Amino acid sequence: MPYELQTGYQTLLESAKQRHSRGPQALSYESVIMYNLPDERGHFGPYGGIFVSETLLHALSELRDAYGTYRQNSEFVEEYERELKHFVGRPSPIYHAKRWSKLLGGAQIYLKREDLNHTGSHKINNVIGQALLARRMGKQRVIAETGAGQHGVATATIAARLSMECVVYMGAADVHRQAANVYRMKLLGATVVPINSGSRTLKDALNEAMRDWVSNVENTFYIIGTVAGPHPYPMMVRNFQCVIGDECRMQMIELVGRQPDAVIACVGGGSNAMGIFYPYINDTSVQLIGVEAAGDGIGTCRHASSLIGGSPGILHGNRTYLLQDKNGQIINTHSISAGLDYPGIGPEHAWLHDTRRAQYVGIRDDETLKAFHDCCHIEGIIPALESSHALAYAAKIAPNLGQDKLLLVNLSGRGDKDMHTVAERAGITF
Ligand SMILES: *Cc1c(COP(=O)(O)O)cnc(C)c1O
């Protein structure tokens with residue numbers, strides 16, 4: 001690690017430590033707005049909150065208390081930061097996509113390289129935080145739900161690292177589609193449970209994980225993979241992912257001497273986006289842009305754009321925007337990227353959308369694939385299909401902006417897991 005970056009990282013640790021110890025109510029950037037959500041009960045305006053059965057209330061209040069205690073515990077925070085540095089490989093660099101920017105002929109595109117993290121995406125940042133918390137709470141068993149398998153792999157990885165029992169729930173359709181990740185989890189010692197109910201995908205796995213948690217709450221910690229679920233999950237996951245944006249604020253100064261004009265991130269549940277948005281939230285000169293999966297197009301019924309195409313309702317323990325029919329039944333979603341294929345979105349995004357602090361746009365499958373291939377050819381980086389949505393939007397707006405404008409894109413993960421999907425689209429089998 002270059003000396004300067006290391007110095008920057010020390011300052012970063014300080015600022016992260018301060019955030020952890022000051023609690024959610026006291027962010028103080030030199031700012032125009034003072035954003036301090038959620039409130040005590042987990043509300044982001046009318047969104048968020050706790051909508052669960054009585055049996056889970058106790059587990060959630062135990063979690064809230066434990067997180068409230070340990071986020072201020074310097075030993076805990078230091079252990080978390082140590083794992084991020086030595087096990088994950090943080091800080092992840094910011095890379096100037098010079099050739100691509102030049103070819104597009106407008107704004108300069110910078111990539112935050114979460115794809116270089118151990119296990120290949122940003123998910124590990126949050127999983128390590130929750131697993132360390134689980135251990136402090138005396139829970140020996142962790143459970144998780146997974147769609148594409150990335151969150152499952154990250155959870156199985158940290159469970160192996162900390163010698164914990166690990167059970168991962170996965171829709172049977174996804175088990176079939178994501179065979180390599182299923183095998184990875186098994187290699188790491190996890191038990192993968194295929195779910196055959198409903199559409200046999202992520203939302204069914206989520207229901208099953210909740211059921212497991214209710215029955216085994218004494219010794220079990222439920223590691224949720226995104227900024228969704230009942231309070232305190234959206235806040236806690238966001239805070240663990242904030243390491244992304246905290247690093248960016250340091251690194252942009254080191255690299256170019258100023259913050260970007262816009263930060264762009266793909267949004268499934270919304271954790272990589274919240275992690276890079278949040279440290280910029282009070283800095284209103286920085287535009288925040290979330291990119292949803294528009295599938296075949298928002299006008300078709302085959303997409304996964306909960307904010308642009310959905311309406312408020314209650315899903316998985318919180319109030320947020322979701323894709324539902326007239327009777328409140330969840331609509332089946334579609335996206336080329338399994339990681340964005342979720343009918344809801346984190347409640348904080350719902351609030352940022354309504355208040356216009358962030359803008360949300362849709363990118364279709366075909367636009368995503370073009371950006372995926374361009375990034376491979378031009379920059380020598382194979383991006384995840386999820387992240388390719390954010391890349392596609394940056395490539396779409398860059399030509400219309402001046403060459404002095406800076407776009408910072410969160411490259412949330414690497415594309416190794418997507419080889420089969422991309423090859424299939426090209427009519428290739430291997
Ligand atoms: C899971 C995943 C996402 C979507 O999840 P968010 O919570 O919206 O960040 C995005 N990118 C990658 C690489 C993922 O694995």
Side-chain angles (χ1 to χ4, degrees), residues 92 111-127 130 144-155 157 168 170 174 178 180-181 184 201-202 205-206 223-229 233-234 236-245 263-278 288-293 304-307 316 320-321 333 335-350 352 358 360 363 368 371-372 375 381-393 409-418 421:
S92 66
L111 307 178
K112 177 61 171 167
R113 299 290 307 273
E114 292 298 296
D115 61 313
L116 295 177
N117 292 342
H118 181 40
T119 71
S121 80
H122 69 289
K123 293 232 167 58
I124 191 97
N125 303 330
N126 160 52
V127 165
Q130 290 193 52
E145 83 296 329
T146 197
Q150 290 304 98
H151 177 56
V153 169
T155 305
T157 298
V168 179
M170 198 167 178
D174 292 331
Q178 304 289 336
N181 269 344
R184 264 182 208 119
T201 58
L202 179 62
L206 233 146
I223 299 185
I224 291 186
T226 191
V227 285
Y233 282 103
M236 178 172 69
V237 175
R238 175 197 73 193
N239 290 351
F240 285 133
Q241 290 292 3
C242 268
V243 64
I244 303 172
V263 174
I264 304 174
C266 67
V267 184
S271 67
N272 86 87
M274 273 324 304
I276 197 167
F277 285 180
Y278 191 68
L288 307 175
I289 304 172
V291 185
E292 294 195 305
S305 301
S306 322
L307 281 177
H316 297 137
T320 187
Y321 277 75
T333 51
S335 167
I336 189 169
S337 85
L340 301 184
D341 208 347
Y342 177 62
I345 184 166
E348 192 162 15
H349 285 291
L352 294 178
Y360 294 85
I363 284 288
T368 301
F372 172 91
C375 189
I381 297 170
I382 301 180
L385 283 172
E386 291 84 359
S387 326
S388 300
H389 285 75
L391 292 170
Y393 190 71
V409 180
N410 199 8
L411 187 55
S412 54
R414 66 179 85 127
D416 307 34
K417 67 186 176 57
D418 297 316
T421 310

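These numbers come from a predicted model, not from an experiment. Atoms within each ligand, like the ligands themselves, are counted from 1 in listed order.
Inspection of the N126 and Q241 side chains reveals no N or O donor paired with an N or O acceptor under 3.5 Å. For the 3.5 Å distance criterion, the side chains of S92 and E114 qualify, holding a donor opposite an acceptor. Side chains of N272 and E386: a donor-acceptor N/O pair is absent below 3.5 angstrom, by distance only. Between the side chains of D341 and T333, at least one donor N or O sits under 3.5 Å from an acceptor N or O.
Within ligand 1, counting atoms from 1 as listed, the ones closer than 4.0 Å to a heavy atom of G339 are 4 (C). Ligand-side atoms of ligand 1 in range of Q150: 15 (O), range being under 4.0 angstrom from any heavy atom. Listed by number with element, the atoms of ligand 1 under 4.0 Å from a non-hydrogen atom of G413 are 13 (C). The contact set between ligand 1 and S412, taken as ligand atoms under 4.0 Å from a residue heavy atom, comprises 10 (C), 11 (N), 12 (C), 13 (C).
Between L340 and ligand 1, no N or O atom pair is found at a separation short of 3.5 Å. Looking at K417 next to ligand 1, no N or O pair under 3.5 Å apart turns up.
Of the heavy atoms in E114, none comes closer than 4.0 Å to ligand 1. The part of K123 lying near ligand 1 is the side chain, judged by heavy-atom distances below 4.0 Å.
Under the 30°/60° scheme for interplanar angles, the aromatic rings of Y360 and H349 are found to stand perpendicular.
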